[in-house]
Every structure is written in C-alpha cells, then in structure tokens.
Amino acid sequence: MADAADINADEKPAGGIGRLLLPLGLAVVLGGAGFASTYLGFWSPLSLVASGKKEVPISTARIEEFVDIPQIVLTLAGPQVRTLVMTVKIETDQSHRTEVEHLIPRLLDSFNSFLADIDSTAFEKRGILDIVRDELATRAVFVLGKEAITDVLITEFRIQ
C-alpha cells in the first residue's frame, strides 16, 4: 500500500503554462480567421444585426445610346489617288447625348486632322483599324471629356 501512495505522489498534475496558452492561441487564430473572412468580403457583421427587410437597390445602370457622326470622306496623300471613307458612331449615355451632338463639328475636325496625317502606306498594314479606333477614342475624350464617351465604334472603313 505504501508503494501505491508513492507512485501517486510523484505524478504532477497536468497544467501550468500550457493550459493557459492553448485557449489564448485558439482565440487568436479564430479572431484572425474572422477578421480575414470579413476583410475579404465573405460575410459582414452588420448583416447579422440588420433587420430582415431587404432594400431594393436603385438601378444605376447607364442606358447606352449611339450618336451618328457624319460620314468622313478623305483623299489620301500619295502617288495614287485613293479615298478613305469612314463612318463612326460615338457610344454615350442619355445624359450626355445632347452634349455629344452639339460638339460633332469639333469631333469631325479632330478626326479629320488625325486621319489626314496618316501615311497612306500605313493603311495597308495589319492592325491599322485598332490603332485608328484607339486614336479616335483618345481625341473624342479630349473633345468631350471622359464621362461623356463610352466607346468609339467604326461602322464603315473603306479605301477606294
């Protein structure tokens, strides 16, 4: 019997600093995971306390409209007499349509000055249409402002 009492006396009760660090470490890990999931947008703490009513979001979608620019007919410089015929549309929204229509003469002037400066051999190279579209869009933004224009569409591009 005395031996049994000695064996139990030598064992130390488990605990100490390990018993305190485990719950503290677990709380830090769970708190970090909760913060990360909220920060990444997986859930929101406000959605837990918000009422069951859901508000219908107001549609902020822009209704796109296309403004026709008069056909551009331009004689290309060079030894051969060639003519560039191009039709362009400006994509805009309802609120800027009147502004775009009012500034069509400036747009035409800007487009014509760019197109007249292009070397006639450049029209024979691959990818010229993308370059022309990008340059026309840049000039349209310069004339109309960034908010008024969505895109420039080339609906006809012909060299005769």
CD1-CZ distance between Ile128 and Arg133, expressed to the nearest 0.5 angstrom:
11.5 Å
Under the criterion side chain to side chain contact (heavy atoms under 4.5 Å, CB included), I'd like the reasoning laid out for Leu26 against Leu22: C-alpha separation, chi angles, the key distance, then a yes or no.
CA-CA 6 Å; Leu26 189 60; Leu22 181 64; 5.6 Å; no
Measure across Ser110 and Val143 and return the closest heavy-atom pair with its distance rounded to 0.1 Å.
CB-CG2, 4.3 Å
By the definition side chain to side chain contact (heavy atoms under 4.5 Å, CB included), identify the one residue from Ile118, Leu115, Val85 that meets it with Leu74.
Leu115
Atom CZ of residue position Phe142 - does it have more than 12 heavy atoms of other residues, nucleotides or ligands inside 6.0 Å?
no
Please check if atom CZ in Arg82 has more than 12 non-hydrogen atoms from other residues, nucleotides or ligands closer than 6.0 Å.
yes
Using 0.5 Å steps for rounding, measure from the OG1 atom of Thr75 to the CD atom of Gln160.
10.5 Å
So, for Arg97 and Phe66, which heavy atoms are closest and what is the spacing to 0.1 Å?
NH1-O, 3.3 Å
Begin with the C-alpha distance, continue with both residues' side-chain angles, and end with the deciding distance and a verdict on side chain to side chain contact (heavy atoms under 4.5 Å, CB included) for Ile90 and Thr150.
CA-CA 8 Å; Ile90 302 292; Thr150 305; over 6 Å; no
Between Ala137 and Ile149, what is the shortest heavy-atom contact and its length?
O-CD1, 4.5 Å
Using the rule given for side chain to side chain contact (heavy atoms under 4.5 Å, CB included), can you reason through Leu136 versus Met86, listing the C-alpha separation, both sets of side-chain angles and the distance that settles it, and then say yes or no?
CA-CA 12 Å; Leu136 292 181; Met86 183 166 32; 4.1 Å; yes
Looking only at heavy atoms, what is the nearest atom pair of Glu64 and Asp93, with distance?
OE1-N, 4.4 Å
Applying a strict under-4.5 Å side-chain criterion to I, L, V, M, F, W and Y, I'd like to know whether Ile104 and Val73 cluster together.
no
The test is side chain to side chain contact (heavy atoms under 4.5 Å, CB included); show your working for Thr83 and Leu76 and say whether it passes.
CA-CA 6 Å; Thr83 305; Leu76 299 175; over 6 Å; no
Let me confirm one number: the CD-CD distance from Glu99 to Glu147, rounded to the nearest 0.5 Å.
9.0 Å
Without swapping roles, check the side chain of Thr92 against the backbone of Glu65 for a donor-acceptor pair under 3.5 Å.
no
Any idea which heavy atoms bring Arg139 and Ser113 closest together, and the distance?
NH1-OG, 3.7 Å
Ion pair present between Glu91 and Lys89, side-chain N to carboxylate O less than 4.0 angstrom?
no
Closest non-hydrogen contact found for Val152 with Ala140 is CG2-CB, 4.2 Å
Please say yes or no: joined through hydrophobic side-chain contacts below 4.5 Å, possibly via intermediate residues, are Leu153 and Ile131 part of one cluster?
no
Rounded distance [0.5 Å steps], CZ in Phe157 versus CG in Leu84
5.5 Å
Would you say the side-chain atoms of Thr87 pair up with the backbone N or O of Gln71, donor to acceptor, closer than 3.5 Å?
no
Do Ile69 and Leu103 share a hydrophobic cluster, counting only Ile, Leu, Val, Met, Phe, Trp and Tyr and linking them when any side-chain heavy atoms are less than 4.5 Å apart?
yes
Among the clusters formed by ILVMFWY side chains lying less than 4.5 Å apart, do Leu144 and Ile154 turn up in the same one?
yes
If only atom types and distance count, is the side chain of Asp109 paired as donor or acceptor with the main-chain N or O of Pro105 below 3.5 Å?
no
